[in-house]
Amino acid sequence: MSSSSQTQLFERAKQTVPGGVHSPVRGFKGLVSTPRFIARAEGAHLWDVEDKSYIDFCMSFGPLILGHRDPEVEDTLHSAIKRGWSYGASEPYSLELAEFLLERLPFVDQIRFVNSGTEAVMTALRLARGATGRNKILKFNGCYHGHVDAMLIKAGSGLAGQAEASSAGVPKGVSDDTLVLDLNDREGLKECFTREGDQIAAIIIEPLPANNGLLIQDLEFLKLCRELTSKSGALLIFDEVISGFRVAFGGMVEKTGIKPDIVTYGKIIGGGLPVGALAASKELMGHLAPLGPVYQAGTLSANPLAMAGGLATLKKIAQADFYQTLDRQTEALVQLLERWTQEFDGGRFSFLRWIRMGSLFWPVRADHDPKSLNELPASLSEDFTPFFEEFLKRGVYLAPNAYEVGFASLAHTNEVLAELEQRLFT
Ligand SMILES: *Cc1c(COP(=O)(O)O)cnc(C)c1O
């Protein structure tokens, strides 16, 4: 198949599916190329339907921290599938995963598995409201929490502090109950709690915001979130759908030592199969059905195949030295990328530098150090397009959007880096 036939596949997909894709970022909107149709993957590589290979730095937007088709995960899935792939009943596989996780996440007592990060957030918000008897949720511009109504809210263009929906179809009543502030706005946060702290059920934050570039927060800001919620009887929700198991096994809770009331997980927890989870104290989790009045359910929740895939992945990353190895590999990777942006085509991209946190990395204008959405360079997408296209042409696949971070995996070995150097520099 030729590349033009991938364009044809995309045209066909647009006939049956809105925009030709099942999740918007996959649509290559604003880019020159049209979506690659991926036929298969292994390790750090993807192959499209015309058999062109790419070194993958999207890694399914984060879940594949071991790379594609890690042999141990693959073997586990093969044996799991022979036992059946959905029972809608109690089974030992989710029990094993829950016990494995809780042993290693000492800041929570109980966990419930759902099917996606969005679902985990949706349930966490309902739990916070149900447990506190309050309605308002405070979120931050620039954090992404999935596509639940209450989170598709941005700062309003009108009066300060007023929020509005960032998507059509979100009722005004929902945006009225969501408060929005800028990340790193300590004064705004204090004022907000002075004004209406007694109505706030929870703050929800990505403790490492990684959905609008990599907006690394000051520890002080996260501490203030903890302080103000504790004082006012609100809960603190850490949305660790990206950062959980990514920056450390215990995510940003482990990294910062700040203990939130509820943690949401997704992505890595399923190792590439659809899993999300929320975890909290036994007391809080007791509000959930069937024990308590906060309803939550799922036909495919704790799907045994997904539980097995998740456990096989997490067992591997819980091993000693895993994060040191990943860190070392990513540092070498970022140094290589840094050299490329400085040298390529007479320094054509030398206005960029790379921000890294663990195995997450992201290019931004060298004169910017953004901690909030409004500090992003206005030219972000414009800067990204030629750069993305150059990579794609050379067989290097980045997530097709300027706001998405890069994900490295265990499969991005020295050998792969040598291949990357070849592809980028020749
Ligand atoms: C990806 C993500 C979500 C949504 O998870 P889905 O599985 O895509 O529904 C929520 N929160 C954060 C921080 C995420 O990165």
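Just follow the structure's listing: the first ligand is 1, and inside any ligand the first atom is 1.
- Against a heavy-atom cut-off of under 4.0 Å, His145 is close to the following atoms of ligand 1: 10 (C), 11 (N).
- With no hydrogens or angles considered, no side-chain donor-acceptor pair links Thr341 and Arg353 at under 3.5 Å.
- Distances below 4.0 Å separate heavy atoms of Glu206 from the following atoms of ligand 1: 13 (C).
- Donor-acceptor pairing under 3.5 Å is lacking for the side chains of Thr325 and Asp321.
- Those atoms of ligand 1 with a heavy atom of Thr118 less than 4.0 angstrom away are 4 (C), 5 (O), 6 (P), 9 (O).
- Looking only at distances, no side-chain donor or acceptor of Arg69 sits under 3.5 Å from a matching main-chain atom of Glu74.
- Atom 11 (N) of ligand 1 has Asp239 OD2, 2.7 Å as its closest protein atom, hydrogens excluded (heavy atom only).
- In summary, the atoms of ligand 1 found under 4.0 Å from a heavy atom of Ser116, numbered by their order in the structure, are 7 (O), 9 (O).
- For ligand 1, the atoms lying closer than 4.0 Å to a non-hydrogen atom of Gly117 are 4 (C), 5 (O), 6 (P), 7 (O), 9 (O).
- Of the candidates Leu398, Leu333, Leu420, Leu424, Leu420 is the only one forming a side-chain contact (heavy atoms from CB on, under 4.5 Å) with Ile55.
- Of the N or O atoms in Val241, none lie within a sub-3.5 Å distance of an N or O in ligand 1.
- Comparing Gly146, Ala120, Cys143, Ser23 against atom 10 (C) of ligand 1, the shortest heavy-atom distance belongs to Gly146.
- Within the 3.5 Å criterion, the main-chain N or O of Leu284 finds a donor-acceptor partner in the side chain of Ser281.
- Proximity of Lys267 to ligand 1, defined as any heavy-atom pair under 4.0 Å, is confined to the side chain (atoms from C-beta onward).
- Annotation: Phe140 is in aromatic contact with Phe221 [ring centroid separation under 6.0 Å].
- Phe245 and Tyr265 have their aromatic ring centers within a separation under 6.0 angstrom.
- Atom numbering of ligand 1 starts at 1 in the shown order; those under 4.0 Å from a heavy atom of Asn211 are 12 (C), 13 (C), 14 (C), 15 (O).
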